[in-house]
Structures are given as structure tokens and as C-alpha cells.
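Here the structure is laid out as C-alpha cells; the discussion comes afterwards.
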Amino acid sequence: MSAPQDVFDADTGNRSWWEKLSAFRQDKPHLFLLLIMVVIPLFLMPSSTWAVLTLSGLAMGAMLFLMASGMTLTFGLMNVLNLAHGSFISLGAFAGATVLTMWLNDYTSGSLWVNLVAVVPALLFALVVAGLLGVLFERLVIRPVYGDHLKQILVTVGGSIIVMELLQVIWGSNEIPVPRPEALRGALLISDAIPIIGGIALEKYRLLAVILGLGVYALMLWVIDRTRLGILIRAGVENREMVEVHGYRIRLLFLAVFVAGSALAGIGGAMWAMYREIITAHMGEELMISVIVVIILGGLGSVRGCFYGAVLVGLINLYVGYLEPRLAAVATVGLMVAVLMWRPQGLIPVIKV
């Protein structure tokens, strides 16, 4: 039984480096493209600048992942195309800003632990408010059009317009400043003794964004791949009748998925509000271009693809913005076009995670 495997291993060992690279490109396209994306700019700029831009790109990618993961989750597990996702991002931003600037404003100065008294409730409030809107939206807008993408596009665009107008009625149409908590301003200085990144300053807030994004990514994969809830949801996508025969209410499962996707958009919006330090009712619509690019890049419905797509978009925005600012506006779309010409199905072409 081991002879065929031995032959395979010997054949693998005899391949040239070019053949191994080609196999890596085919088997792990997301890692291959990420490696190319990170290595090439290292030769085009000082190493300290490269390190700062890389961390900043990872932070931007982490926040894009928080915003895009909810949309790819609902599409991948429910086959629902929700173009009102941007309104959930805006709502999360306004909900988080309300906590930071009005309710717990006294806790945005001082030490990190004092600031967390404001930041954590702001993120949780954004999560809850966006999740509650998700409940209403799923019942009133999404549920009647399950299985019909054309109607989903029409009704979700209409729902998005209504939510945007309501945001302007409640919070006004003017830009609202959202000062970042004091402990999350500034940067950490890296010791000169560390190679490549020694002597550079890393922004505290961007480090927080990277940690939060990685944590949410790991949690999503664990829930979907390892828990009973994730198994039931994936089974419901494959065969809804079978799950219902076993006594499970598939409608409640799908509602939970949609609420989770809405809540993630809310957290992403709150993080983006502190990142940009200014918000408007239409900020979600503006971010939807990047969100859609991320989802298409990664592969429709793939949570893993969404993560890598978000990181790639964040990195290329920062690298190109530094090397040639005039091309920064088209860098994201250019990356999407290049990837689709190479892999029309996306980097991780699955409709399930």
C-alpha cells in the first residue's frame, strides 16, 4: 500500500523549484498572491516604511473583513444577496459613536483600562443595534424573497435607502466627529535591535484592529466548522427538508445567520468610525465598493477567501498609495480584475466555508 505513496513522494522531491512554485500557485493561490503582494514592495521602499505600511494594511484589511464577513456569511450559508449591508455598517458606526461621544464620553480619556470601559460597550452596542435591525430586516424584507436574487437586489437596495434616510432623521445629515479614545492614540516604538522593523512606530489602534480581526476570523471558523450549530446550518443549505424532518427549525437557523452577519457589519462600522474619526450616514454605501471587491476576490460565500481578500485589498491600497498616489483609487479594482482574469472563481472558490 505504501509503494504508490513512495513513488509520489520521490516524484515530488525531484521536481524543480519552478514546478514547486507553480504547484504552490495552483494549490494555495491566496497564500501565493499574499506572498507576492508583501515581498515585491519590500524592494521598492525603505524597510521601515514597508513595515509601517504592512501593519497599516493589515489593520485596514481586518476592518474590511469585519464589514465584509457578514455579507459573505449570509450569501455563503443562506444564498442571500443583501445589498443593504452598507446601511448596517453605517448604523454600527452611529451606534458606537453615540456611546463614545455622548453616553461614556468621560471614559475616553485616561488609561487603557479606563478607555476600554467606553470602547467595549461601544462595540457591543453597535453589535446589538445592528443585530436587532437584522431581525426586522430578515423578517420584513429578506424572508419573502428567499431563492430569488433579482428580487433580493431590488428589495435590499430599497431597504438600504430607507435605513439611510432614517439615520439622517435621527442623527442629522452633517458629518459627526468621533474622537478616538486617548489610550488608542499615538504609537508604540519598536526597539532598534529588532531586524527590519526596528526603530519604527506602530499605531496602537491599528494593532487593536488586527487583533480583533484575527479573533473574529478564528471564532467564525470555529463556529462554522466545529460546532453543532455550524453543522446544522451547513446541512440546511445542502438539504433544507432533511434538517426540518429531524425536528430543527431551519428558519430560526437562517435568522441567526442573518443577525450574525448584521452584527458583524455593526462592529466593523464602529471600528471604522474610530479609525477615520468622522462619520456620515452614507459612509456604508461608500465602503460597499471595497466590501464587494473583497467578497469577489475571495470567492463568493467563502469566509476564508473573504479574510484573505480583505488583507490583500488593505495592503494594495497602502502600498500603491505610497508608491504612486494617483493610482491608489484604481488599485483595488485593478487587483480584482487581475485576479478574476487569473481565477474567475476567486481565490478560494467555494460557496461554503
Side-chain angles (χ1 to χ4, degrees), residues 24-41 44 53-54 56-76 79-86 88-89 149 152-153 156-157 160 209 213 217 261 264-265 268-269 272 275 282-353:
F24 177 64
R25 180 173 62 89
Q26 292 296 327
D27 297 339
K28 305 287 184 181
H30 52 294
L31 296 179
F32 173 79
L33 187 57
L34 181 61
L35 182 64
I36 296 297
M37 181 75 70
V38 171
V39 170
I40 291 179
L44 303 177
L53 291 176
T54 299
S56 300
L58 291 174
M60 183 178 179
M63 285 181 282
L64 285 174
F65 170 72
L66 289 174
M67 292 181 280
S69 59
M71 187 172 178
T72 203
L73 190 68
T74 55
F75 185 84
N79 200 25
V80 170
L81 191 58
N82 178 22
L83 294 186
H85 195 73
F88 292 89
I89 296 173
H149 285 166
Q152 288 170 8
I153 291 173
T156 55
V157 168
S160 176
Y217 175 57
L264 286 170
W272 192 262
Y275 178 70
H282 294 281
M283 61 173 284
E285 288 182 340
E286 297 166 0
L287 287 167
M288 276 297 288
I289 296 176
S290 296
V291 167
I292 292 173
V293 168
V294 165
I295 293 172
I296 294 174
L297 268 180
L300 294 176
S302 170
V303 172
R304 289 182 178 86
C306 178
F307 177 78
Y308 284 100
V311 171
L312 289 168
V313 168
L315 289 174
I316 198 170
N317 266 287
L318 274 283
Y319 289 149
V320 175
Y322 173 80
L323 294 170
E324 183 50 72
R326 291 173 297 180
L327 296 178
V330 299
T332 299
V333 177
L335 174 64
M336 181 186 70
V337 171
V339 169
L340 291 181
M341 290 178 65
W342 168 39
R343 292 179 64 86
Q345 70 273 43
L347 293 175
I348 304 180
V350 289
I351 298 302
K352 24 183 191 180
V353 292

field: Non-hydrogen atoms of P41 and I36 that approach each other most closely
entry: CD-O, 4.2 Å
- request: For residues F75 and N82, determine if any side-chain heavy atom of one lies less than 4.5 Å from a side-chain heavy atom of the other.
  value: no
statement: When every non-hydrogen atom of H85 is compared with those of G70, the smallest separation belongs to CE1-C, 3.6 Å
message: What I'd like to find out is whether the side chain of M37 reaches to under 4.5 Å of the side chain of L335, using heavy atoms alone.
response: yes
task: If the plane angle is over 60° it's perpendicular, under 30° parallel, otherwise tilted; pick one for F307 and Y217.
output: parallel
- prompt: For I289, does the CD1 atom sit with more than 12 other heavy atoms under 6.0 Å from it, leaving out its own atoms?
  reply: no
message: Do V294 and C306 have side chains that approach each other closer than 4.5 Å (heavy atoms only, starting at C-beta)?
response: yes
- request: Please name the pair of heavy atoms, one in L315 and one in T54, separated by the smallest distance, quoted to 0.1 Å.
  value: CD2-O, 3.6 Å
- request: Taking all non-hydrogen atoms of both residues into account, name the closest pair between A310 and F65 and its distance.
  value: CB-N, 3.6 Å
- prompt: Hey, what do you get for CG (L64) to CE (M60), rounding to the nearest 0.5 Å?
  reply: 5.0 Å
message: I'd like to check L340 versus Q345 (side-chain heavy atoms, cut-off strictly below 4.5 Å). Are they in contact?
response: no
Set of side chain to side chain donor-acceptor pair (under 3.5 Å) partners for H282, sequence neighbours left out: Q168, E285
field: Any pair counted as side-chain hydrogen bond (donor to acceptor under 3.5 Å, both in side chains), so long as it reaches residues 27-37, sequence neighbours left out
entry: none
query: Between T156 and A84, what is the shortest heavy-atom contact and its length?
result: O-CB, 3.2 Å
query: Looking at M288 and L83, what are the two nearest heavy atoms and their distance?
result: CE-O, 4.2 Å
- request: Measure the shortest side-chain to side-chain distance between I348 and Y308 over non-hydrogen atoms and say whether it is less than 4.5 angstrom.
  value: yes
- prompt: Is any side-chain heavy atom of L312 less than 4.5 Å from a side-chain heavy atom of V339?
  reply: no
field: Test item: S69 side-chain N/O and L66 main-chain N/O as donor-acceptor pair under 3.5 Å
entry: yes
- prompt: Which pairs count as salt bridge (Lys or Arg N to Asp or Glu O under 4.0 Å) when at least one residue sits in residues 317-332, sequence neighbours excluded?
  reply: E324-R326
